[in-house]
Amino acid sequence: MLRTGRSCPFVSLPEQLTFTADIERSPTDPGGTRHLAATAALLDLLDETGARGTFFILGEVADSAPWLVRDIAARGHEVASHNQSHRALEALGPAALRKEAHRTRATLQDLSGQPVLGFRAPFFSLTERTEWAADTLLEVGHTYSSSVLPGCALLHGHRQAPQRPFAWPGGLLELPAPVARLGPLNLPLLGGMYLRYLAPWDLRFLVPRLEGPLAWTYCHPYDIDTLEPFRRTEGYSLFSSFFLWANRGVTTRRLRAMLTGRRSVPLGERLEEGWHAAGAGSDLPPVSGQEMDASPGLFERAPEV
């Protein structure tokens, strides 16, 4: 049964809500292994709630812990790519992305025994400046991306992107982050630091305003790691480091509240729904091998589908 009490900020979420996770090391412990135990805890939470989800796994993690990829697949979850290194697309460029994405996809397929259909760019960094990445992902064999945060955001955002599933010109299906507007920002409030820091009354106000017909949540292993000691993160200010580290205690119970009584299936099993929402029905468009125009803003004059 769905939770219907007024105290639950997620009562208005749809009955189908896909859990997704970005499996990477903690930014405050980049050389450590804390992400392994935290990922196991996430898997146990999904077992507890009867949920199946999509795990976007960093290639560097797969290389160092191949057993983790096998365990994720064995528990009935979708294995997808988070690329080889945790760098924004702007820092890579087409050639480096092609090399990394191909390597990671091959590794994950070999370890999981699954076709690796999905890709999520680190930091949701598929933006106006990196639209070239869509064709690159098609070239290496991906069917869909979950890499766009539509609108202005605290970090990377694509201001012109539709807030519902859409097809890139070459034929890659994009499943953008579900967002709710707060002032000038579009917040992916069902995951990450947004889920950790928004107060319950803000969530109750914002959840009914979520845009997009295909809902999913997301988190990182470190979002639930309440025992990690505080460290200043390299390249971050003291305040930003504290922001990355603090307030992790709410994440597990909020995820449990979202998943309990709802149906969570992997994104790879919702592609027909995604194509229907994108206006393409269930027929996949042909894959293009030609390079996409790398100029920013393909959606500047395009109507939202």
Side-chain angles (χ1 to χ4, degrees), residues 9 19-43 45 53-62 64-65 68 82-92 120-127 146-149 151-158 177-180 182-200 202-203 206 216-258:
F19 171 89
T20 75
D22 299 348
I23 305 304
E24 61 199 55
R25 290 181 171 88
S26 170
T28 56
D29 187 25
T33 60
R34 303 188 64 89
H35 60 289
L36 301 178
T39 301
L42 286 173
L43 289 167
L45 174 63
T54 298
F55 286 72
F56 294 93
I57 305 172
L58 201 68
E60 292 174 350
V61 171
S64 63
L68 183 65
H82 200 34
N83 209 28
Q84 181 66 25
S85 62
H86 200 260
R87 293 188 289 168
L89 295 178
E90 282 186 46
L92 289 172
R120 176 170 291 162
F123 308 109
F124 293 108
S125 56
L126 211 172
T127 68
S146 180
S147 304
V148 168
L149 201 168
C152 296
L154 295 176
L155 291 175
H156 296 85
H158 194 317
V179 294
L182 182 63
L185 300 177
N186 281 350
L187 305 182
L189 54 99
L190 298 184
M193 289 188 294
Y194 301 90
L195 181 63
R196 281 201 264 147
Y197 280 100
L198 285 170
D202 291 324
L203 288 169
L206 290 169
W216 47 264
T217 182
Y218 76 97
C219 73
H220 312 86
Y222 61 80
D223 283 318
I224 68 167
D225 187 357
T226 59
L227 300 179
E228 181 178 7
F230 174 71
R231 302 180 182 89
R232 182 165 180 172
T233 305
E234 184 178 355
Y236 287 76
S237 68
L238 185 62
F239 174 79
S240 297
S241 297
F242 182 81
F243 193 72
L244 279 170
W245 171 79
N247 212 40
R248 298 178 178 185
V250 304
T251 309
T252 297
R253 66 172 179 265
R254 287 185 172 181
L255 288 172
R256 183 180 289 111
M258 281 193 282

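Residues: numbered from 1 along the sequence shown.
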Any side-chain to backbone donor/acceptor pair from Ser125 onto Leu89? Under 3.5 Å, distance only. yes
For this session: State whether a side-chain donor-acceptor pair under 3.5 Å links Arg196 with Thr251.
Result: no
Heavy atoms of Ala177 and Trp216 approach each other most closely as CA-CZ2, 3.1 Å
Do Glu60 and Arg25 come within less than 4.5 Å of each other through their side chains, counting heavy atoms only? yes
- prompt: Is any side-chain heavy atom of Leu190 less than 4.5 Å from a side-chain heavy atom of Leu195?
  reply: no
The reported gap from CG in Leu189 to CG in Leu198 (rounded to nearest 0.5 angstrom) is 6.0 Å
Closest non-hydrogen contact found for Thr33 with Asp29 is N-OD2, 4.2 Å
Heavy-atom nearest pair, Leu42 first then Pro221, reads CD1-CA, 4.2 Å
Checklist entry - Below 4.5 Å, heavy atoms only, C-beta onward: do Leu203 and Arg254 meet side chain to side chain? => result yes
Does the gap between the ring centers of Phe124 and Tyr218 come in under 6.0 Å? yes
ask   = With side chains defined as the heavy atoms from C-beta onward, is the minimum distance between His35 and Glu24 less than 4.5 Å?
value = no
Distance col, row Leu45:CG vs Leu43:CG, nearest 0.5 angstrom, shows 9.5 Å
Sorted by chain and residue number, the salt bridge (charged side-chain N to carboxylate O under 4.0 Å, His left out) partners of Arg87 (sequence neighbours excluded) come out as Glu100
- Is the side chain of Ser241 donor-acceptor paired with the backbone N or O of Arg232 at a distance under 3.5 Å, no angle test? no
(request) Check the pair Leu58 / Ile23 against side chain to side chain contact (heavy atoms under 4.5 Å, CB included), numbers first and verdict last. (result) CA-CA 6 Å; Leu58 201 68; Ile23 305 304; over 6 Å; no
Here the pair of heavy atoms bringing Ser85 nearest to Pro122 is O-CG, 3.9 Å
The reported gap from CG in Leu149 to CZ in Phe123 (rounded to nearest 0.5 angstrom) is 13.5 Å
For Ile224 and Ala41, the nearest pair of non-hydrogen atoms, with its separation, is CD1-CB, 3.8 Å
Distance col, row Asp202:CG vs Tyr197:OH, nearest 0.5 angstrom, shows 14.5 Å
Please check if any side-chain donor atom of Glu228 sits under 3.5 Å from a side-chain acceptor atom of Thr28, or the reverse. yes
Rounded to the nearest 0.5 Å, the CG atom of Asp223 sits from the OG1 atom of Thr252 at a distance of 9.5 Å
Query - Residues Arg34, Leu227; criterion side chain to side chain contact (heavy atoms under 4.5 Å, CB included); working and verdict - result: CA-CA 10 Å; Arg34 303 188 64 89; Leu227 300 179; 3.7 Å; yes
Rounding to 0.5 Å, atoms CG (Leu244) and CZ (Phe230) come to a distance of 9.0 Å
Heavy atoms of Pro188 and Val179 approach each other most closely as N-CG1, 4.0 Å
| request: Run the salt-bridge test on Asp22 and Arg120 with the 4.0 Å N-O cut-off and return the result as yes or no. | output: yes
For residues Arg248 and Tyr222, determine if any side-chain heavy atom of one lies less than 4.5 Å from a side-chain heavy atom of the other.
-> yes
Phe19 vs Cys219, side chain to side chain contact (heavy atoms under 4.5 Å, CB included): CA-CA, chis, key distance, verdict: CA-CA 8 Å; Phe19 171 89; Cys219 73; 3.9 Å; yes
Is any side-chain heavy atom of Tyr236 closer than 4.5 Å to a side-chain heavy atom of Phe242?
-> no
Sorted by chain and number, sequence neighbours left out, ring-ring contact (aromatic ring centres under 6.0 Å, His included) with His82 holds for His86
